[in-house]
Peer 1: 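Before I ask anything, here is the structure I am working with.
Note that these values count all heavy atoms, side chains included, but never hydrogens, waters or copies made by symmetry. Residue numbers count from 1 along this sequence. Note that the coordinates shown come from a computational prediction; the quantities given were computed from them, not determined experimentally. Each ligand, and each atom within it, is numbered from 1 in the order the structure gives.
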Amino acid sequence: MTQTLYSKQQIQTRIKELAKQIASDYKNQPLLLVSILKGSFIFSADMIRALYEQGLTDITVDFMQVSSYGSSRTSSKDPKIISDITTPLQDKHVLIIDDILDTGYTASFVKEHFQTQHPASMKLLVLLDKAEKRAVPLQAEYVGFILQGSPWVEGYGLDTDEQGRARPEIIEK
Ligand code: IMP
Ligand code: MG
């Protein structure tokens, strides 16, 4: 049975709340938003516009694709870079944006990879958090929703074997 966990409206309301908080935290600092593909492309597109509407207009974006699940639902302990960012990170305020934080292997790998470039600051924003499933000590500074019971979810950019990304709401699969 599929069940809607977060409707279009619930997602947009939460994005606006997060955008208010982030815009106030960064004030007039230039922000580099790094979107982790593929899952976060829709969330990133909505978030960047929500930030702009909250007055944070000095934003640049870059993209990075990291392999995690492949076609299974088990996280890889050893994520690999499929394509890297091209922006130099030194002295930049970096906000990494991902769809979902599960074991944390992907996000901690990305953070370690970026840290070697000495950004001015680095934070993590995720729409969803399977907090109970964390395998490495890592917390996101900004979280949309905490998923109780860590179900498999799909929609709003998140896939099951590449299917379901275009679904406007987030369902439990
Ligand atoms: P982690 O490395 O275990 O934290 O995995 C994070 C990545 O796994 C996310 O960026 C997603 O791409 C993917 N993922 C984890 N849980 C789900 C899910 O429930 N649905 C779809 N993708 C998921
Ligand atoms: Mg992902």
Side-chain angles (χ1 to χ4, degrees), residues 1-8 10-12 14-15 18-19 22 31-48 50-51 61-87 89 94-116 119 122-173:
M1 251 276 286
T2 58
Q3 191 199 335
T4 299
L5 290 181
Y6 304 106
S7 67
K8 276 165 78 170
Q10 282 174 301
I11 296 168
Q12 292 309 319
R14 187 68 188 120
I15 286 176
L18 286 167
I22 295 166
L31 184 66
L32 170 61
L33 207 113
V34 178
S35 171
I36 308 300
L37 298 174
K38 301 175 189 170
S40 77
F41 79 113
I42 292 176
F43 178 42
S44 300
D46 282 346
M47 181 53 75
I48 192 174
L51 289 169
V61 289
D62 209 335
F63 302 90
M64 180 170 183
Q65 189 173 357
V66 183
S67 67
S68 49
Y69 278 71
S71 60
S72 90
R73 293 185 182 188
T74 315
S75 279
S76 165
K77 289 187 181 172
D78 185 22
K80 292 199 170 50
I81 299 172
I82 297 173
S83 64
D84 207 344
I85 54 167
T86 55
T87 315
L89 298 186
V94 177
L95 182 61
I96 300 165
I97 176 165
D98 207 354
D99 52 354
I100 186 165
L101 194 52
D102 184 7
T103 60
Y105 290 130
T106 308
S108 59
F109 168 79
V110 170
K111 284 185 85 171
E112 276 172 36
H113 176 64
F114 288 173
Q115 202 61 63
T116 60
M122 186 163 51
K123 287 186 183 178
L124 177 64
L125 159 66
V126 294
L127 179 62
L128 302 167
D129 187 356
K130 292 183 181 176
E132 301 153 6
K133 288 200 47 201
R134 203 78 80 253
V136 291
L138 177 75
Q139 270 189 306
E141 281 78 8
Y142 305 104
V143 175
F145 304 102
I146 293 175
L147 280 173
Q148 302 296 341
S150 305
W152 187 263
V153 291
E154 185 186 294
Y156 196 70
L158 292 114
D159 71 307
T160 307
D161 282 352
E162 295 299 326
Q163 297 297 315
R165 295 193 196 275
R167 180 189 285 277
E169 64 281 336
I170 294 170
I171 61 160
E172 175 175 347
K173 259 268 163 154

Peer 1: Would you say Ser75 contacts ligand 1, with heavy atoms under 4.0 Å as the rule?
Peer 2: yes

Peer 1: Considering all heavy atoms of both residues, which atom of Leu127 and which atom of Phe43 are nearest to each other, and what is their separation?
Peer 2: N-CE2, 3.5 Å

Peer 1: Measure across Gly157 and Phe41 and return the closest heavy-atom pair with its distance rounded to 0.1 Å.
Peer 2: CA-CE2, 4.2 Å

Peer 1: Measuring from atom 1 (P) of ligand 1, which candidate in Ile100, Leu138, Thr103, Ile36 has the nearest non-hydrogen atom?
Peer 2: Thr103

Peer 1: Under a 4.0 angstrom heavy-atom cut-off, which atoms of ligand 1 come close to Thr106?
Peer 2: 1 (P), 2 (O), 5 (O), 6 (C)

Peer 1: Say whether Ala107 and ligand 1 are in contact under the criterion: heavy-atom distance to a ligand atom below 4.0 Å.
Peer 2: no

Peer 1: If you take all heavy atoms of Lys111 and Leu138, which pair is closest and at what distance?
Peer 2: CD-CD1, 3.9 Å

Peer 1: Taking 4.0 angstrom as the limit and counting only heavy atoms of Asp98, give me the atoms of ligand 1 inside it, by number and element.
Peer 2: 10 (O)

Peer 1: What's the shortest heavy-atom distance between Tyr6 and Glu169, and which atoms?
Peer 2: O-CB, 3.3 Å

Peer 1: To check you understand the geometry: which heavy-atom pair defines the closest contact between Thr86 and Asp62, and what is its length?
Peer 2: N-OD2, 2.9 Å

Peer 1: Under 4.0 Å from a heavy atom of Tyr105: give me the atoms of ligand 1 that qualify, with their elements.
Peer 2: 2 (O), 4 (O)

Peer 1: For the CD atom on Gln139, are there more than 12 heavy atoms of other groups (residues, nucleotides or ligands in this structure) within a distance under 6.0 Å?
Peer 2: no

Peer 1: Does ligand 1 have an atom that lies less than 4.0 angstrom from a heavy atom of Lys173?
Peer 2: no

Peer 1: Taking only heavy atoms of Lys130, which atoms of ligand 1 are found under 4.0 Å from at least one of them?
Peer 2: 16 (N), 17 (C), 18 (C), 19 (O)

Peer 1: Mind listing the closest non-hydrogen atom pair of Arg134 and Val136 along with its distance?
Peer 2: CG-O, 2.8 Å

Peer 1: Polar-atom distance check: Leu101 versus ligand 1, any N or O pair below 3.5 Å?
Peer 2: no

Peer 1: At under 4.0 Å between heavy atoms, is it the side chain or the backbone of Thr160 that contacts ligand 1, or both, or neither?
Peer 2: neither

